[in-house]
Amino acid sequence: LREPVTVYQWHLDGFAVPAGATHLASSAQYPCQAFRFASAWGVQFHPEVDLATFELWAANHPGVAASYGLDEDALAEEIRRGASDEDSLAFRAGLFDAFLGYAFP
């Protein structure tokens, strides 16, 4: 898959890839963002997030971004740009296509 330009994460947790699993994705903040173990996939980030999803989450959890020192408006703008960015769209489409191809051969 192509590297994403923008992928959203809404977490402060990390994990270690389980023994025998295949490491699939990382970020500067969290070295383990996704893995596959046999037919199970674990994904820590949120490739499905678009601006409408982010706005819903922000409305359902008011003040959470600010409590972590994040600017909610800046996050929304970053997601707005990423939602229409060709590289990010290609990454998300490739990720979902790969998963569906593996899950439903």
Side-chain angles (χ1 to χ4, degrees):
L1 297 174
R2 296 168 68 173
E3 287 191 29
V5 173
T6 302
V7 175
Y8 188 69
Q9 63 184 38
W10 184 278
H11 66 85
L12 296 174
D13 299 317
F15 65 92
V17 174
T22 301
H23 183 251
L24 298 175
S26 63
S27 72
Q29 295 87 4
Y30 298 96
C32 300
Q33 286 280 0
F35 69 92
R36 185 184 74 234
F37 184 79
S39 63
W41 289 48
V43 178
Q44 182 87 340
F45 59 93
H46 293 277
E48 77 283 4
V49 170
D50 58 11
L51 185 59
T53 302
F54 171 78
E55 288 174 340
L56 177 65
W57 288 357
N60 286 338
H61 304 279
V64 169
S67 73
Y68 292 116
L70 302 171
D71 180 325
E72 192 172 299
D73 292 334
L75 285 172
E77 180 56 32
E78 185 175 333
I79 291 167
R80 182 179 292 110
R81 283 192 313 270
S84 61
D85 177 77
E86 284 187 33
D87 288 335
S88 291
L89 292 170
F91 171 80
R92 289 191 298 246
L95 178 67
F96 293 139
D97 288 349
F99 172 76
L100 290 172
Y102 185 81
F104 303 101

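Owing to the predicted nature of the structure, the values given are computational and were not obtained by experimental measurement.
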| What do the steps show when you test W57 against V49 for side-chain contact (heavy atoms from CB on, under 4.5 Å), and what is the final call? | CA-CA 10 Å; W57 288 357; V49 170; 3.5 Å; yes
Between the CD atom in E55 and the CG atom in L75, the distance rounded to the nearest 0.5 Å is 12.0 Å
In this structure, CG of L56 is separated from CG of D50 (nearest 0.5 Å) by 10.0 Å
In short, V17 meets C32 closest at the heavy-atom pair CG2-SG, 3.6 Å
- Query: Considering only heavy atoms from C-beta outward, does the side chain of F54 approach that of H46 to under 4.5 Å?
  - Reply: no
OH (Y102) and CZ (R36) are apart, to the nearest 0.5 Å, by 5.0 Å
Distance col, row D71:CG vs E78:CD, nearest 0.5 angstrom, shows 11.0 Å
Side-chain H-bond candidate by donor/acceptor type, S27 with Q33, under 3.5 Å: yes
One should read off an interatomic distance between F104 CZ and F99 CZ, to the nearest 0.5 angstrom, of 6.5 Å
Tightest non-hydrogen contact, residues L51 and I79, listed as N-CG2, 3.7 Å
Nearest heavy-atom contact between P31 and S26 is O-CB, 2.9 Å
d(H23 NE2, F37 CZ) to nearest 0.5 Å is 15.5 Å
Under 4.0 Å between a side-chain nitrogen and a carboxylate oxygen: does that hold for R80 and E77?
yes
Q. Given side chains that start at C-beta, do those of F45 and Q29 come closer than 4.5 Å, heavy atoms only?
A. no
Could you give me the CA-CA distance, side-chain angles and deciding distance for Y30 and Q44, then say whether side-chain contact (heavy atoms from CB on, under 4.5 Å) is met? CA-CA 9 Å; Y30 298 96; Q44 182 87 340; 5.8 Å; no
Any side-chain heavy-atom pair of W41 and F35 under 4.5 Å
no
Heavy-atom distance under 4.5 Å between the side chains of T22 and L24, does that happen here? yes
